[in-house]
Engineer: 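Before I ask anything, let me first share the structure, which is written out below as structure tokens.
Naming: A, B, ... by sequence-line order, numbering from 1 per chain.
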Amino acid sequence: MKTSILTIERIKEYLEQGKRFDERGLDEYRDIKIETGISKKAEGSARVKIGKTEVMVGVKLDVGEPYPDSQDEGNMMVTTELLPLSSDRFELGPPTIAAIELARVIDRGIRESKFIDFSKLCIKEGEKVWTVFIDIYSINDDGNLLDAAGIGALAALKNAKMPKYNEKTEKVEFGELTKEPLPLNKTIPLSITVHKIDNSLIIDPSKEEEDASETRLTMGLSEGPLFSSMQKGNSKELNIEEVWQIFEIAEKAYKKIWPKLEKFLK
Amino acid sequence: MTTKEKTFKRPDGRKVDEIRTMSAKVGVVPNADGSAMFQFGDTIAIAAVYGPKEMHPQHSQNPATGTLRCTYNMMSFSVTERIRPGPSRRSQEISKITEWALAPALKIEQFPSTVVDVHISIIQADASTRCAGINAAAIALAHAGVPMKDLVSSVSIGKLDKQLVVDVNKDEEDWEEGEGATDMPFAFLSTQDKLTLMQLDGNITPKQYKEAMELARKAIKQVYEVQKKALKESINEEQ
């Protein structure tokens, strides 16, 4: 059920005093837990929990034709399913705009940062390349699926091993994984989303806070600091000073959570 | 401008802060309540507004406010290699982004339970199509007489290797030298320095992104002038 106006008003009152319902700081993430290898059949997989929010991400690989504009590079595709099992707000059916947007924001963060080394995923130029499928499933939506999905995608990619490829038949022998990891680069783009509620800027919103959020900015941020992707979501406008504050909050948050995630992602 | 910026060569010979030739025209779809064309060089977008009208199906009505509904569509022949007609994941996302970019300018709450449909079609694409679409849609909304607090003006900033440039075209979007191309579309409430659209594809430091934002802030003033001129012309024609 959507959060009541009553609750949203109360969230705003709290924020005005710099407080949140769960006593977190405005720039504080809930506990983040990562588990990898949650599905044996996937080439790579991960479960990420941020507080009660949970996503599962699987990486599958297959061989296909390259795109006309990248004849010697592998491909990538990100899809998201917001499962009805994860919230009473989601329904079965074709992907909603929320699912499409989430997948595309995560896609850009990974693609533009060149986290996956696509040049090493070419089997035969112009004919055969690897396609990396990153499939994101929501298991429990208690807010901030975006950042959970971003971390989940990275962890699943990091966890992935190349399947066996039979050069004679030119087919993938599914079910047999090599020890070869997926070729990855060193730039690791964390997805960090800052929300604006009234005059407050917060990260990692609960579901209720997400309902109160007027606008959000998701950044694919890596060490440097370097942005690889960005997306403003929702229709409230932002002034320039607010954008600068958002950058500062994101950079701070990055420094705070990176050490905890490092061993899963590096 | 620094000497480096002076010597930087854009594929079409523009200065780094030079927008392609813009043109705009109001009233390109007579059937619509409001319509407009907006052009950045070889990128041409048209937009038509229908509404405020009753929202159907009824269960989608919001008695507290009106609803803005945008569709962005690229014509199959608008690019070198034909694209399949109909909505794609890309077009659906851009539709939503466009909606978010325009909504802050509208006083749509004045029309409860209604919908304002904005249909954008890209006739010819040479990059920055979402920006052209937003610019066309903003004028079309004004032309339709939907009450607005401001116009919305949009422009893309590119980073080609290390150099920031205003209004990216297709050759620049495909820039491969050095650090490659970074694409940053922006939209502002035209007279208020308030951002309604921010996206980024590529790699850039926060510091340089701020510079890009500043370039966009200046560039949209020119876009705004073109939009205003088109609206004024349409009023003179009607008289």
Engineer: Quick check on Pro189(A) against chain B: is it the side chain, the backbone, both or neither that has a heavy atom closer than 4.5 Å?
Structural biologist: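 Nothing of Pro189(A), per the 4.5 Å heavy-atom cut-off to chain B.
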Engineer: Quick check: does any side chain N or O of Asn203(B) sit under 3.5 Å from a backbone N or O of Glu112(A), one acting as donor and the other as acceptor?
Structural biologist: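 Confirmed, Asn203(B) side chain pairs with Glu112(A) backbone.
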Engineer: Taking all atoms of both residues into account, what is the closest heavy-atom pair of Ser235(A) and Pro104(B), and its distance?
Structural biologist: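 Closest approach of Ser235(A) to Pro104(B), heavy atoms only: O-CG, 2.5 Å.
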Engineer: Does Trp244(A) reach the side chain of Met213(B), with side-chain heavy atoms less than 4.5 Å apart?
Structural biologist: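 They are in contact (side-chain heavy atoms under 4.5 Å apart), so the answer is yes.
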Engineer: Are more than 12 heavy atoms, taken from residues, nucleotides or ligands other than Lys120(A), located less than 6.0 Å from that residue's NZ atom?
Structural biologist: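 Atom NZ in Lys120(A) is not crowded, with 12 or fewer foreign heavy atoms closer than 6.0 Å.
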Engineer: Check whether Leu226(A) gets within reach of chain B through its side chain, its backbone, both or neither, counting any heavy atom under 4.5 Å.
Structural biologist: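 Contact with chain B is through both the backbone and side chain of Leu226(A).
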Engineer: Would one find more than 12 heavy atoms of other residues, nucleotides or ligands at under 6.0 Å from atom CD of Glu9(A)?
Structural biologist: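 Enclosed: over 12 neighbouring heavy atoms sit under 6.0 Å from CD of Glu9(A).
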Engineer: Within a 6.0 Å radius of atom NZ on Lys218(B), are there more than 12 heavy atoms belonging to other residues, nucleotides or ligands?
Structural biologist: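 For Lys218(B), atom NZ is not crowded (no more than 12 foreign heavy atoms under 6.0 Å).
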Engineer: Heavy-atom pairs under 4.5 Å with chain B: which of Lys114(A), Glu101(A), Arg104(A) has the most?
Structural biologist: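 Heavy-atom pair counts peak at Arg104(A).
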Engineer: For the interface with chain B, which of Asn234(A), Thr215(A), Asp69(A), Ile100(A) has the highest count of heavy-atom pairs at distances below 4.5 Å?
Structural biologist: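 With the most close heavy-atom pairs to chain B, the winner is Asn234(A).
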Engineer: Checking an interface table here. Which of residues 83-101 of chain B come within a heavy-atom distance under 4.5 Å of chain A?
Structural biologist: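 The list, in residue order, reads Arg89(B), Arg90(B), Gln92(B), Glu93(B), Lys96(B), Ile97(B), Trp100(B).
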Engineer: Considering only heavy atoms, which portion of Ile240(A) lies under 4.5 Å from any heavy atom of chain B: side chain, backbone, both, or neither?
Structural biologist: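 For Ile240(A), heavy atoms of backbone and side chain both lie under 4.5 Å from chain B.
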Engineer: Using heavy-atom distances under 4.5 Å, tell me whether Thr79(A) contacts chain B through its side chain, its backbone, both, or neither.
Structural biologist: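 Both the backbone and the side chain of Thr79(A) come within 4.5 Å of chain B.
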Engineer: Check each atom of Phe227(A) against the heavy atoms of chain B and say whether the ones under 4.5 Å are side chain, backbone, both or neither.
Structural biologist: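 Contact with chain B: backbone and side chain both.
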Engineer: Are more than 12 heavy atoms, taken from residues, nucleotides or ligands other than Arg10(A), located less than 6.0 Å from that residue's CZ atom?
Structural biologist: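 Counting neighbours around CZ of Arg10(A), 12 or fewer heavy atoms of other residues, nucleotides or ligands fall under 6.0 Å, so no.
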Engineer: Within a reach of under 6.0 Å around CD of Glu65(A), are more than 12 heavy atoms found that belong to other residues, nucleotides or ligands?
Structural biologist: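 No.
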Engineer: Would you please go through residues 71-82 of chain B and name the residues with a non-hydrogen atom below 4.5 Å from one of chain A, in numerical order?
Structural biologist: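 Against chain A, the residues of residues 71-82 of chain B that fall inside the cut-off (heavy atoms, under 4.5 Å) are Glu81(B).
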Engineer: Around atom CD of Glu262(A), are there more than 12 heavy atoms of other residues, nucleotides or ligands at under 6.0 Å?
Structural biologist: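 Yes.
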Engineer: Considering heavy atoms only, which positions within residues 182-198 of chain B lie below 4.5 Å of chain A?
Structural biologist: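 Interface residues of residues 182-198 of chain B: Phe188(B), Leu189(B), Asp193(B), Lys194(B), Leu195(B), Thr196(B), Leu197(B), Met198(B).
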Engineer: Provide the full list of salt bridge (charged side-chain N to carboxylate O under 4.0 Å, His left out) pairs with a residue in residues 234-255 of chain A, sequence neighbours left out, each pair given once.
Structural biologist: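 For residues 234-255 of chain A, and leaving out neighbouring residues, the salt bridge (charged side-chain N to carboxylate O under 4.0 Å, His left out) pairs sorted by first residue read Lys196(A)-Glu242(A).
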Engineer: What's the separation between atom CG in Leu200(B) and atom OG in Ser228(A), rounded to the nearest 0.5 Å?
Structural biologist: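 Leu200(B) CG to Ser228(A) OG: 7.5 Å, rounded to 0.5 Å.
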